[in-house]
J.: 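Let me give you the structure first, and then I'll get to my questions.
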Amino acid sequence: MDNKYKAILVGILLVLSLFAAGCAQQGDEGDTGDGNQTQTEEKSVTIAYVQWASAVATTNVVQEVFQKAGYEVELNNVAAGIMYQGIANGNADFSVCAWLPNTQANYWEQYGDQIEKVNVNTPNVKTGLVVPQYVDIDTIPELKGNESKFGGTITGIDPGAGIMSQTEEAIQEYGLDGYTLQASSGPGMTSALTSAITDEKPIVVTLWNPHWAFARWDLKYLDDPKDVYGSDDIVTIARPDLKEDKPQAYEILTRFKWTVADNEKVMSYIDQGMSAEEAAEKWVNDNPDKVNEWLGTE
């Protein structure tokens, strides 16, 4: 073969290789069918959550669901303020444990204009001051004058939690100057509650539904005539550009809704000794219809 034909052959092979490379790149991007290209969604999500029993249960179920959808999932356990800040600045994609409009109102006021409310995933949840049923008072105003009975202490959770701010407001509104709000953590509060109930001693704690404690013990909310604590929904919140960056992930979030009873079922598994991951996996396996609805595969 002379040099002329060799040059022609090399040219043809070069054109074919460039054409093949272009097709491969086009295939990676995806074809919508109308000639427009779409970028393949990154199959990873970062979920922020707080160390509330209900939030741990919900977040682990959502992690299990996203893993079923083929996503790599990273969980960030942080304080409530950091959760909102992380979503606002894009360090986390979303959270499924925002308590709004009351409990975490201070964080929404600070970061709400940088965060999207995706949907209400659990309606009609509650926070407040709780005592064992055997305690002979029924309202928050009755705490006044009974300081010695409770050791002058209201047992709380982590200091950044919205329920702690609400309780500080309740102390002012009801004139409970003889009480100290003792900061702790979710597990610390339930440990103190366990000890008091074992010895049948009076105790008042900050607590909420959904929570496994109501299934384990006979508890009651103290009536709140001034409605300091109000009522809330648990809301899914996300960084504003999640819908554009990861539309399939966003669609799963729009469909994720369950009940207080669903949440408490997962918490009961954890209370019985399962890890949060095991409890979430069991619930997901036991509820395929609901999970398929969230995944959009029903």
J.: Quick check on Glu109: does its CD atom have over 12 non-hydrogen neighbours (other residues, nucleotides or ligands) under 6.0 Å away?
T.: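 Result for CD/Glu109: open.
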J.: Got a sec, which pairs hit ring pair (Phe, Tyr, Trp, His ring centres under 6.0 Å) with one end in residues 107-130, sequence neighbours left out?
T.: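 Those involving residues 107-130 are Tyr84-Tyr107.
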J.: Show the nearest heavy-atom pair for residues Val135 and Pro202, with the distance to one decimal.
T.: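 Scanning both residues, the minimum pair turns out to be CG2-CA, 4.0 Å.
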J.: Does the ring centre of Tyr49 sit less than 6.0 Å away from the ring centre of Phe94?
T.: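 Phe94 vs Tyr49: aromatic centres not under 6.0 Å.
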J.: Does Lys265 have more than 12 heavy atoms from other residues, nucleotides or ligands lying within 6.0 Å of its NZ?
T.: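 Not buried by this count: 12 neighbours or fewer within 6.0 Å.
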J.: Begin from the C-alpha positions of Val73 and Ile47 and carry the test side chain to side chain contact (heavy atoms under 4.5 Å, CB included) through to its verdict.
T.: CA-CA 7 Å; Val73 180; Ile47 311 174; 3.7 Å; yes
J.: With heavy-atom distances below 4.5 Å as the criterion, would you say the side chains of Cys97 and Met83 are in contact?
T.: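 Touching, per the 4.5 Å side-chain cut-off.
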J.: Of all heavy-atom pairs between Lys126 and Trp99, which one has the smallest distance, and what is that distance?
T.: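 Minimum heavy-atom separation between Lys126 and Trp99: O-CZ3, 3.7 Å.
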J.: Tell me which pairs pass side chain to side chain donor-acceptor pair (under 3.5 Å) where either residue lies in residues 169-196, with sequence neighbours left out.
T.: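 Only Tyr174-Asp224 qualify under side chain to side chain donor-acceptor pair (under 3.5 Å).
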J.: Could you tell me whether the side chain of Leu75 reaches within less than 4.5 Å of the side chain of Thr46, counting heavy atoms only?
T.: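 Sidechains of Leu75 and Thr46: no contact.
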J.: After noting the C-alpha distance and the side-chain angles of Asp262 and Thr259, does the key distance pass the side chain to side chain donor-acceptor pair (under 3.5 Å) rule?
T.: CA-CA 5 Å; Asp262 290 329; Thr259 66; 3.1 Å; yes
J.: How far apart are the closest heavy atoms of Val118 and Ala238, and which atoms are they?
T.: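 Residues Val118 and Ala238, closest heavy atoms: CG2-CB, 3.7 Å.
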J.: Taking the side chain as C-beta and beyond, is there a heavy-atom pair between Ile157 and Met164 under 4.5 Å?
T.: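 Ile157 vs Met164: side chains touch.
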J.: Under the side chain to side chain donor-acceptor pair (under 3.5 Å) definition, can you give me all pairs with a residue in residues 138-157, not counting sequence neighbours?
T.: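 Applying side chain to side chain donor-acceptor pair (under 3.5 Å) to every pair that reaches into residues 138-157, excluding sequence neighbours, yields Asp136-Lys149, Asp138-Lys220, Thr139-Glu142.
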J.: CD/Gln248 to CG/Leu295 distance, rounded to the nearest 0.5 angstrom?
T.: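 The distance works out to 11.5 Å.
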J.: Same cluster or not: Ile137 versus Ile171, using hydrophobic residues (I, L, V, M, F, W, Y) connected whenever any side-chain heavy atoms lie under 4.5 Å apart?
T.: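 Yes, same cluster.
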J.: Just so I know, are the side chains of Gln110 and Gln85 near enough to count as touching, which here means a heavy-atom distance under 4.5 Å?
T.: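 No, side chains not in contact.
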J.: Quick one: do Ile163 and Val96 end up in the same hydrophobic cluster if we chain Ile, Leu, Val, Met, Phe, Trp and Tyr together by side-chain heavy atoms under 4.5 Å apart?
T.: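 No, because Ile163 and Val96 fall into different hydrophobic clusters, even though each may have its own neighbours under 4.5 Å.
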J.: Might you work through the side chain to side chain contact (heavy atoms under 4.5 Å, CB included) test for Glu293 and Arg255, ending with a clear yes or no?
T.: CA-CA 7 Å; Glu293 180 183 338; Arg255 292 188 290 263; 5.5 Å; no
J.: Tell me, which pairs form a side chain to side chain donor-acceptor pair (under 3.5 Å) where one or both residues lie in residues 227-238, sequence neighbours left out?
T.: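 Listed by first then second residue: Thr103-Asp232, Asn119-Thr236, Asn121-Thr236, Thr167-Tyr229.
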J.: What's the spacing between Trp283 CH2 and Ser268 OG if we round to 0.5 Å?
T.: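 If I round to the nearest 0.5 Å, the distance is 12.0 Å.
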J.: Does Ile270 belong to the same Ile/Leu/Val/Met/Phe/Trp/Tyr cluster as Phe214, with side-chain heavy atoms less than 4.5 Å apart forming each link?
T.: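 Each belongs to a different hydrophobic cluster.
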J.: Is it true that Ile82 and Leu100 fall in one hydrophobic cluster, defined by side-chain heavy atoms closer than 4.5 Å?
T.: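 Cluster IDs for Ile82 and Leu100 match.
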J.: Measuring from Gln166:CD to Gln104:CD, what's the distance to the nearest 0.5 Å?
T.: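 It is 9.0 Å, given to the nearest 0.5 Å.
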J.: Could you tell me which non-hydrogen atom of Ala53 sits nearest to which non-hydrogen atom of His211, and how far apart they are?
T.: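 Heavy-atom minimum between the residues: CB-NE2, 3.8 Å.
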J.: Membership question, hydrophobic clusters at under 4.5 Å side-chain separation (ILVMFWY): are Val235 and Leu253 in the same one?
T.: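 No: no chain of side-chain contacts under 4.5 Å links Leu253 to Val235.
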J.: Please tell me if the side chains of Lys282 and Asn285 come closer than 4.5 Å, counting only heavy atoms from C-beta onward.
T.: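 They are not in side-chain contact.
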J.: Check whether any side-chain heavy atom of Val130 sits under 4.5 Å from a side-chain heavy atom of Leu222, and report yes or no.
T.: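 Of all side-chain heavy-atom pairs linking Leu222 with Val130, none is under 4.5 Å.
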J.: Could you measure the distance from the CD atom of Glu64 to the CD atom of Glu278? Nearest 0.5 Å is fine.
T.: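 Here the rounded value is 11.0 Å.
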J.: Which pairs, with at least one residue in residues 66-78 and sequence neighbours excluded, count as a side chain to side chain donor-acceptor pair (under 3.5 Å)?
T.: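 Pairs touching residues 66-78 that pass the test: Glu41-Tyr71, Gln51-Asn77.
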J.: Is it the case that the side chains of Asn263 and Thr58 hold a donor-acceptor pair, with the cut-off being a distance below 3.5 Å and no angle test?
T.: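 Yes, Asn263 and Thr58 have a side-chain donor paired with an acceptor closer than 3.5 Å.
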J.: Any idea which heavy atoms bring Ser165 and Asn106 closest together, and the distance?
T.: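 Looking at all heavy atoms of both residues, the shortest contact is OG-ND2, 4.0 Å.
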J.: Quick one: pull up CG in Asp245 and CG in Asp93 and give me the separation to the nearest 0.5 Å.
T.: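 Between atom CG of Asp245 and atom CG of Asp93 there are 8.0 Å.
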J.: For Phe150 versus Val204, what's the shortest heavy-atom pair and its separation?
T.: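 Shortest heavy-atom separation between Phe150 and Val204 comes out as CD2-N, 3.8 Å.
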J.: Should Val260 and Asn124 count as side-chain neighbours, where that means a heavy-atom distance under 4.5 Å?
T.: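 Contact flag for Val260/Asn124 side chains = no.
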J.: Do Leu219 and Leu207 make a side-chain contact, defined as non-hydrogen atoms from C-beta onward lying under 4.5 Å apart?
T.: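 Result yes, sub-4.5 Å side-chain heavy-atom pair found.
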J.: Without hydrogens or angle criteria, can the side chains of Asn209 and Tyr221 be said to hold a donor-acceptor pair below 3.5 Å?
T.: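 Yes, side-chain donor-acceptor contact under 3.5 Å.
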J.: Going by the rule ring-ring contact (aromatic ring centres under 6.0 Å, His included), which residues pair with Phe256 if we only count those two or more places apart in sequence or in a different chain?
T.: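 Testing Phe256 for ring-ring contact (aromatic ring centres under 6.0 Å, His included), a comparison that skips the adjacent residues, returns Trp258, Trp294.
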J.: Could you tell me whether Lys201 atom NZ has more than 12 heavy atoms of other residues or ligands within 6.0 Å of it?
T.: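 No, NZ of Lys201 has 12 or fewer neighbouring heavy atoms, counting only those of other groups under 6.0 Å.
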J.: Nearest 0.5 Å please: distance from the CD1 atom of Ile154 over to the OG1 atom of Thr206.
T.: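 Between Ile154 CD1 and Thr206 OG1, I get 9.0 Å after rounding to 0.5 Å.
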